Amino acid sequence: MSELIVKPAANPEADGTILSVTPESAGWEYVGFQVAKLAAGEKLSRESGDQELCVVLLSGLANVSTREHTWENIGKRMSVFEKIPPYSVYVSTSDQIEVTALTELEIAICVAPGKGTYPSRLIAPEDVGVEGRGYGNLERHIHNILPEQKEADSLLVVEVFTPDGHWSSYPPHKHDQDALPDESLLEETYYFRVQPEQGFAIQRVYTDDRSVDETLAVKNGEVVLVPNGYHPVGAPPGYEVYYLNVMAGPTRTWKFHNDPDHEWLFKK
């Protein structure tokens, strides 16, 4: 199996964590990512320390609190494939979050270095930017949970719905050079869900010199690490693909460079 794929654990940890990526495990500097699944009544707690968090309620209902705020009975969708924007909570540094599941609950915990610039807050569905992107079989549906226009020190968080037979993160682009204003350096994780669950997504990760050149078959519930290179995604016919992207780097801006071999597609 490719080292770029992180699989969920067969047995969850005591707090429901089934998947974990740290900068140390990924071999990079900025992005951390976890997924936890809780039964009704179960709780999960996290201290933010010197990190900032964005906790995304992927599915289910919960009570969520930080040191200064409490939000009760939040959550709007029971499956990501309902395609409605999620509730999320931004957690500043030196804070904590406690999540109590009211139903079966799946949450994603997005992590990156913080400076404590912005207070913890709720990101409600109406605060999430919704857009369509692409054309024809490149068309996909976007939820901008924590884009660069919204307040955070490092994190960029977005979810993407790719219809069956379509491609996304396409034409291929990369953001692995700290060369602003033309390109920013951003590490990235892709957390995949596939419907029906027995399906798979296809993701390529490759560099110009092909020192990295992988074609991955990604299953439901797996994460792909994108430390560098281009990284397009394909949804096979019959299978709809969802992914949650987490990005962070030295500068919080998304400036990407298109693969010149495929840039002609923008001119169609």
Side-chain angles (χ1 to χ4, degrees), residues 2-6 21-33 50-54 108 110-115 117-118 129 131 133-134 138 140 142-160 162 167-192 201-216 218 222-234 243-268:
S2 170
E3 293 182 355
L4 297 180
I5 294 179
V6 181
V21 174
T22 66
E24 293 75 21
S25 68
W28 57 32
E29 188 173 352
Y30 298 98
V31 172
F33 181 75
D50 61 356
Q51 310 288 301
E52 63 179 6
L53 315 178
C54 182
C110 316
V111 184
K115 300 176 183 177
T117 309
Y118 307 105
E131 64 173 304
R133 194 176 295 168
L138 307 184
R140 59 272 198 192
I142 312 293
H143 290 163
N144 290 304
I145 297 169
L146 195 57
E148 61 185 279
Q149 296 81 11
K150 299 292 186 177
E151 294 177 340
D153 288 323
S154 297
L155 281 169
L156 296 164
V157 182
V158 62
E159 57 183 16
V160 178
T162 308
W167 285 80
S168 58
S169 293
Y170 194 89
H173 69 266
K174 70 180 185 74
H175 36 74
D176 59 12
Q177 300 293 320
D178 191 3
L180 291 169
D182 299 315
E183 184 176 353
S184 56
L185 192 163
L186 294 170
E187 303 161 354
E188 186 168 20
T189 55
Y190 277 66
Y191 174 60
F192 283 88
I202 294 293
Q203 184 161 34
R204 283 205 69 200
V205 181
Y206 66 97
T207 55
D208 286 312
D209 62 4
R210 300 306 192 265
S211 59
V212 177
D213 190 2
E214 299 205 35
T215 302
L216 311 172
V218 191
E222 295 181 340
V223 164
V224 170
L225 309 177
V226 183
N228 54 12
Y230 307 98
H231 40 275
V233 173
Y243 53 80
L244 179 71
N245 285 142
V246 182
M247 294 181 282
T251 304
R252 189 174 179 264
T253 187
W254 184 52
K255 299 293 184 182
F256 57 86
H257 172 74
N258 297 314
D259 184 339
D261 286 345
H262 306 295
E263 196 159 22
W264 65 271
L265 289 161
F266 286 104
K267 302 173 184 177
K268 289 188 67 176

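Source: prediction; values computed, not measured.
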What distance do [X] atom [atom1] and [Y] atom [atom2] have between them, rounded to the nearest 0.5 Å?
| X | Y | atom1 | atom2 | value |
| --- | --- | --- | --- | --- |
| M247 | T189 | CE | OG1 | 9.5 Å |
| R133 | S169 | CZ | OG | 8.5 Å |
| L216 | I5 | CG | CD1 | 4.5 Å |

Looking at [X] and [Y], would you say the former's side chain and the latter's main chain have a donor-acceptor pair under 3.5 Å?
| X | Y | value |
| --- | --- | --- |
| R140 | Y170 | yes |
| S2 | L4 | yes |
| D176 | G229 | yes |
| R210 | T207 | yes |
| T117 | D153 | no |
| S154 | P113 | yes |
| R252 | E148 | yes |
| E187 | Y30 | yes |
| E159 | I145 | no |

Using every non-hydrogen atom in the two residues, find where [X] and [Y] come nearest and quote the distance to one decimal.
| X | Y | value |
| --- | --- | --- |
| V205 | V212 | O-CG1, 3.6 Å |
| V158 | I142 | CG2-CG2, 3.5 Å |
| Q203 | V218 | CB-CG2, 4.4 Å |
| P23 | G32 | CD-CA, 4.4 Å |
| P147 | L156 | C-CD2, 3.8 Å |
| C54 | L155 | N-CD1, 3.6 Å |

Heavy-atom distance under 4.5 Å between the side chains of [X] and [Y], does that happen here?
| X | Y | value |
| --- | --- | --- |
| V31 | E188 | no |
| N258 | P171 | no |
| P172 | W167 | no |

- Pick from H257, E183, H231: which one makes a side-chain hydrogen bond (donor to acceptor under 3.5 Å, both in side chains) with K174? E183

- For a side-chain hydrogen bond (donor to acceptor under 3.5 Å, both in side chains) with Y230, tell me which candidate from D208, D259, D261 qualifies. D208

- Message: Let's go through V233 and F192 carefully: what are the C-alpha distance in whole Å and the side-chain angles of both, what is the deciding distance for side-chain contact (heavy atoms from CB on, under 4.5 Å) to 0.1 Å, and is it a yes or a no?
- Response: CA-CA 10 Å; V233 173; F192 283 88; 3.9 Å; yes

- Task: Determine, step by step, whether L225 and W28 satisfy the side-chain contact (heavy atoms from CB on, under 4.5 Å) criterion, reporting the C-alpha distance in whole Å, the side-chain angles of both residues, the deciding distance to 0.1 Å, and the verdict.
- Result: CA-CA 10 Å; L225 309 177; W28 57 32; 4.0 Å; yes

- Could you walk me through whether F256 and L186 pass side-chain contact (heavy atoms from CB on, under 4.5 Å), step by step? CA-CA 9 Å; F256 57 86; L186 294 170; over 6 Å; no

- Query: Is there a side-chain contact (heavy atoms from CB on, under 4.5 Å) between T251 and S184 once you walk through the steps?
  - Reply: CA-CA 7 Å; T251 304; S184 56; 5.6 Å; no

- Query: Parallel under 30°, tilted from 30 to 60°, perpendicular over 60°: which one fits the rings of H173 and H175?
  - Reply: tilted

